[in-house]
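For reference, the structure discussed in these notes is given below.
Each chain gets a letter, A, B and so on, in the order its sequence line appears, and its residues count up from 1.
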There are 2 protein chains.
Amino acid sequence: MLAEVEKIENFLKQRQIKLTEERKLIIDEMLASQRHFGPEELWEHLRQKGKRVSRATVYRTLELLIEGGLVKKVCLGEHCFRYEHILGRKNHSHMVCLKCGALIEFLDEAIDERQKLLSQQQGFEVLSRCFQIFGYCKNCTQ
Amino acid sequence: MLAEVEKIENFLKQRQIKLTEERKLIIDEMLASQRHFGPEELWEHLRQKGKRVSRATVYRTLELLIEGGLVKKVCLGEHCFRYEHILGRKNHSHMVCLKCGALIEFLDEAIDERQKLLSQQQGFEVLSRCFQIFGYCKNCTQ
DNA sequence: CACTTATTGATAATCGTTCTCATATTGTGA
DNA sequence: TCACAATATGAGAACGATTATCAATAAGTG
């Protein structure tokens, strides 16, 4: 965790971005919380702890961390965008349970390889990708 | 095209859904247009042809066709949902060019296989999936 | 043709997110 | 340590895509 905070602070310094109280709060809360979270959720958690930051600041800070490659925004269905911090994590994908909302992370070399091959064939330069499988998890099909 | 219209009309009949003038217009426009389109776009096209339907009706009709498995809604990045009709088309994925907006469809047996295997391992029942690759297309990297 | 039921249009409501701008805070260089 | 320019913040307005509302209208059945 320390290493993670440091990585983030380094990123901010490099870019002449100020390490404000609010940003610290948001980053700490993010690292302490579940891997996947929504902005509203994070904001509410802070508020419950008596730490009041503006919703706008939450969005702005997350946006900043995305630019720095420290956070990723994932589309988990219709109107559901969530964030996850990706410090030291490999690029993975998600299975999303439509009943209980469970998220199963997965990653697979074989898929990565194929994907690389297919983009090369098209002369397509890959920046990011987004793979979700929707359905019912083990618990919800039993 | 005829077969497609028929397939849609059959679906409507089976479900006791009325084949109204407005729905015909929307379906025709959809089949005549680009594979991928937004609701606003479709609405505007109809309007330009002097066919006035309510935006709400466009959304409602597309929703209906999704239920019937005749149309699919795809998330192509941040705030970009688009529709595509999937009559007689295999389940495919997209490469999205972030510069020119080009869409390259692809499908790959190997990826499908892996994906099937991975979900089985998790005891996950797959309903649908969504795979996008973001980056720059051939023309935009040259 | 009449009647039940589904559908439509216009517009208000919603919801997550972004913008605005006056005020406050940070970090630097003296 | 202080002063100052540059950045960041908060509160709420604005936004944009989508959905809901509900009275008026149209479809299809018998």
Length of the [atom1]-[atom2] vector between [X] and [N], whole Å:
X: B:Leu64; N: D:dT19; atom1: CG; atom2: P; value: 13 Å
X: A:Glu22; N: D:dT7; atom1: CD; atom2: P; value: 17 Å
X: A:Ile26; N: D:dG10; atom1: CD1; atom2: C1'; value: 12 Å
X: A:Arg15; N: D:dA6; atom1: CZ; atom2: C1'; value: 16 Å
X: A:Ile17; N: D:dA5; atom1: CD1; atom2: P; value: 22 Å
X: A:Tyr83; N: C:dG16; atom1: OH; atom2: C1'; value: 10 Å
X: A:Arg52; N: D:dG10; atom1: CZ; atom2: P; value: 11 Å
X: B:Lys24; N: C:dT8; atom1: NZ; atom2: P; value: 12 Å

Exercise for review: For the pair A:Arg23 (side chain) and A:Lys18 (backbone), establish whether a donor and an acceptor sit closer than 3.5 Å, ignoring hydrogens and angles.
Suggested key: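 Indeed, once roles are kept as given, a pair shorter than 3.5 Å links the two residues.
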Review point. Side-chain contact, heavy-atom cut-off 4.5 Å: B:Leu118 with A:Met95?
Key: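 In contact.
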Practice item. Identify, between B:Glu21 and A:Glu40, the residue whose nearest nucleotide on DNA chain C lies closer to the 5' end. Key: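 Checking each residue's closest nucleotide, the 5'-ward one belongs to B:Glu21.
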Point to revise | Closest-nucleotide ordering on DNA chain C, the 5'-leading residue of B:Thr20 and A:Tyr59 | key: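 Result: B:Thr20.
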Exercise for review: Check if the side chain of A:Lys18 and the base of D:dA6 share a donor-acceptor pair of N or O atoms closer than 3.5 Å.
Suggested key: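 Checked by distance alone, the answer is yes.
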Check your understanding: Taking atom types as they are modelled, is there a donor-acceptor pair under 3.5 Å from the base of D:dG12 to the side chain of A:Arg55?
Key ->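 Side chain to base: no pair below 3.5 Å.
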**Study point:** Of B:Glu63 and A:Thr61, the one whose closest DNA chain D nucleotide lies more 5'
**Key:**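 Here A:Thr61 is the residue nearer the 5' end.
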Check your understanding: For residues B:Asn91 and B:Lys72, is any side-chain donor paired with an opposing acceptor at under 3.5 Å?
Key ->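 Checked: B:Asn91/B:Lys72 side chains pair up, N/O donor to acceptor below 3.5 Å.
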Review point. Between B:Gln132 and B:His94, do the side chains contain an N or O donor and an N or O acceptor separated by less than 3.5 Å?
Key: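 Side-chain D/A pair, B:Gln132 to B:His94: absent.
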Among [options], which nucleotide sits nearest the side chain of [X]?
X: A:Pro39; options: D:dG28, C:dG9, C:dT17; value: C:dT17
X: B:Arg60; options: D:dG10, C:dT7, C:dG9; value: C:dG9
X: B:Val53; options: C:dG16, C:dG9, D:dA17; value: C:dG9
X: B:Ala56; options: D:dT9, C:dT26, C:dA10; value: C:dA10

Review point. Are OP1 or OP2 of C:dA6 and a side-chain N or O of B:Arg23 less than 4.0 angstrom apart?
Key: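 Answer no for this pair, as no side-chain N or O of B:Arg23 is under 4.0 Å from OP1 or OP2.
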Exercise for review: Establish, with yes or no, whether the OP1 or OP2 oxygen of C:dG9 is under 4.0 angstrom from a side-chain nitrogen or oxygen of B:Thr57.
Suggested key: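 So the side chain of B:Thr57 is within the cut-off, an N or O lying under 4.0 Å from OP1 or OP2 of C:dG9.
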Check your understanding: Of the options B:Lys24, B:Lys51, B:Lys49, which is the one that meets B:Glu29 in a salt bridge (Lys or Arg N to Asp or Glu O under 4.0 Å)?
Key ->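 By the salt bridge (Lys or Arg N to Asp or Glu O under 4.0 Å) criterion, B:Glu29 pairs with just one of B:Lys24, B:Lys51, B:Lys49: B:Lys49.
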